[in-house]
Amino acid sequence: MTDGLNRTDRTDRTDRTDRLIRTDKLSTSLTSLRIVWRITRLNFRAQLEYRSEFLLMIAIGAIWQVSVIVFATVLLTRFTGMGGWASEDVLLIAATRMLAHGLFVLFLGRVHGLGRHIQEGVIDTYLVRPMPVHRQLQLSVFPTNAIGDLTVATGLMVGALTRSQLDWNAARISYLVVCVVGGMLLEAALFTVVACASLRFPAADYWGRWLEELLGTFGSYPLNVLPGAVGGFLTFGLPLAFVAYFPAAVLTGHGGDSGVPYWLAAASPLVGLLAYLGARLLWRWSLGHYSGVNG
């Protein structure tokens, strides 16, 4: 009987310990969220101190997308489609890409331009603070230009859905939302890989500009209009196709003609999630091997 009581007592203590650990983790998570929210509010208020610059940055974010707006206008007024895609379906590719990009800029975009933090030695100060380096980097400034990006992207998405002949039921809308989030994560993964390279070679930050140009140039069009080698590179080498092209292909019925198995095109959001998780593991490894701007 004594052994039974001892086992019961040990079990009770273990359960209490587990509950305390879970409660502590929850409390830590809530505290972290409050800190993130507080810093974000302070950064936003700091941007509002200079109203003209604040409005100018919003305008810059919108103007940056002018090329896509011009493309959409010409497409809708002069052509019936592109590469076997109807004009409204091509517009969905552009809208999905822009919305994913706008969310990336808002939530995870500070990894783009990490080289400047490294060259100025700011990253070294992040390393000695208790907050994770990646989180400090994302909270370093409020991305005002993201407001302009998202305003234009939302308008384009509304236009694409309005002109679309598809039946936008709950399942299709849910898949579109998941695809936009997956596109955001995939873009974040690509720029995180560039940031990891910057931790070793700060000049590699310029690759981010090249990547941004590629996204803007090829991310808003059906890839089947490109030569096969280029389309293959943008699918398996630099997987831009999973940001918007494959999701739009699945939604509009072009999934079987996208150049990859239908299941792979449909799994684009999962590809984005896995790519981001892998990029964060690479970030952790690269940060652990970071030796400072002077080596």
Item to complete: Check for a donor-acceptor pair, side chain of Arg51 on one end and backbone N or O of Leu48 on the other, with a separation under 3.5 Å.
Response: yes
Practice prompt. Could you walk me through whether Ile147 and Phe142 pass side chain to side chain contact (heavy atoms under 4.5 Å, CB included), step by step?
Written response: CA-CA 10 Å; Ile147 299 176; Phe142 181 83; 4.2 Å; yes
Worksheet item: Would Phe201 and Val111 show up in the same hydrophobic cluster when neighbours are defined by side-chain heavy atoms closer than 4.5 Å?
Response: no
Worksheet item: For the side chain of Thr217 and the backbone of Leu214, is there at least one donor-acceptor N/O pair under 3.5 Å apart?
Response: no
Practice prompt. Check the pair His134 / Arg284 against side chain to side chain contact (heavy atoms under 4.5 Å, CB included), numbers first and verdict last.
Written response: CA-CA 9 Å; His134 189 272; Arg284 184 175 300 179; over 6 Å; no
Worksheet entry | Centroid separation Tyr290 to Trp285 less than 6.0 Å | no
Fill in: Heavy-atom check, side chain of Arg34 versus side chain of Thr31, under 4.5 Å
yes
Worksheet, complete the sentence: Taken to the nearest 0.5 Å, the spacing of His117 NE2 from Glu120 CD works out to 7.5 Å
Worksheet item: Do Leu92 and Met157 come within less than 4.5 Å of each other through their side chains, counting heavy atoms only?
Response: yes
Worksheet entry | Atom pair OG (Ser220) and CE (Met98), whose distance is rounded to the nearest 0.5 Å | 7.5 Å
Worksheet item: Taking the side chain from Arg110 and the backbone from Val105, do they hold a donor-acceptor pair closer than 3.5 Å?
Response: yes
Worksheet item: Would you call Arg129 and Arg135 a side-chain contact if the rule is heavy atoms closer than 4.5 Å?
Response: no
Worksheet item: Quick one: does Asn43's side chain have a donor or acceptor within less than 3.5 Å of a partner on Leu139's backbone?
Response: yes
Worksheet item: How about Tyr245 and Thr235: do any of their side-chain heavy atoms sit closer than 4.5 Å?
Response: no
Worksheet item: What's the shortest heavy-atom distance between Pro247 and Tyr175, and which atoms?
Response: O-CE2, 4.2 Å
Worksheet entry | Gap separating the CG atom of Leu240 from the CG atom of Leu186, nearest 0.5 angstrom | 7.5 Å
Worksheet entry | Val133 vs Ile123 side-chain heavy atoms within contact, under 4.5 Å | yes
Practice prompt. Please answer: with hydrophobic residues joined when any side-chain heavy atoms are less than 4.5 Å apart, are Leu114 and Val141 in the same cluster?
Written response: no
Discussion item. Restricting to non-hydrogen atoms, name the atom on Ala146 and the atom on Gly102 that form the minimum distance, rounded to 0.1 Å.
Written reply: CB-O, 4.2 Å
Worksheet item: With the 4.5 Å side-chain cut-off for hydrophobic clustering, are Leu282 and Leu185 part of the same group?
Response: no
Item to complete: Using modelled atom types only, decide if a donor and an acceptor are shared between the side chain of Tyr206 and the backbone of Gly115 within a distance under 3.5 Å.
Response: no
Practice prompt. Without swapping roles, check the side chain of Thr154 against the backbone of Thr151 for a donor-acceptor pair under 3.5 Å.
Written response: no
Worksheet item: Do Val230 and Pro227 have side-chain heavy atoms sitting under 4.5 Å apart?
Response: yes
Worksheet item: Just how far is it from atom CD of Glu53 to atom CG of Leu55, taken to the nearest 0.5 Å?
Response: 10.5 Å
Discussion item. Given 3.5 Å as the limit, does a donor-acceptor pair link the side chain of Ser164 with the main chain of Ala160, or not?
Written reply: no
Discussion item. Taking CZ in Arg172 as the centre, count heavy atoms belonging to other residues, nucleotides or ligands within less than 6.0 Å. Is the count above 12?
Written reply: yes
Fill in: Pair Ile93-Tyr221, side chain to side chain contact (heavy atoms under 4.5 Å, CB included): steps then yes or no
CA-CA 7 Å; Ile93 298 177; Tyr221 311 100; over 6 Å; no
Worksheet entry | Linked, directly or transitively: Phe236 and Leu223 (ILVMFWY side chains, under 4.5 Å) | yes
Worksheet item: Is the shortest heavy-atom distance from the side chain of Trp210 to the side chain of Glu213 under 4.5 Å?
Response: no
Fill in: Reported CG-to-OG distance for the pair Leu264 and Ser258, which is rounded to 0.5 angstrom
8.0 Å
Worksheet item: Counting only N and O atoms by type, is there a donor-acceptor contact under 3.5 Å from the side chain of Gln136 to the main-chain atoms of Met131?
Response: yes
Fill in: Whether Phe242 and Phe246 hold their rings parallel, tilted or perpendicular, with breakpoints at 30° and 60°
perpendicular
Worksheet item: Could you go step by step and tell me if Val250 and Tyr262 meet the side chain to side chain contact (heavy atoms under 4.5 Å, CB included) rule?
Response: CA-CA 8 Å; Val250 172; Tyr262 182 86; 3.5 Å; yes
Discussion item. Rounded at 0.5 Å granularity, tell me how far NE2 in His289 sits from CZ in Arg200.
Written reply: 9.5 Å
Worksheet item: Is there a side-chain contact between His254 and Pro222, using heavy atoms and a 4.5 Å cut-off?
Response: no
Worksheet item: Cys179 and Pro269: which non-hydrogen atoms are nearest, and at how many Å?
Response: SG-CG, 3.7 Å
Discussion item. Looking only at the aromatic ring of each residue, does the gap between the centers of Tyr276 and Phe191 stay below 6.0 angstrom?
Written reply: no
Practice prompt. For Ser198 and Asp205, indicate whether the former's side chain and the latter's backbone hold a donor-acceptor pair under 3.5 Å.
Written response: yes
Discussion item. Could you see if Val36 belongs to whatever hydrophobic cluster contains Leu108? Use Ile, Leu, Val, Met, Phe, Trp, Tyr and a side-chain cutoff under 4.5 Å.
Written reply: no
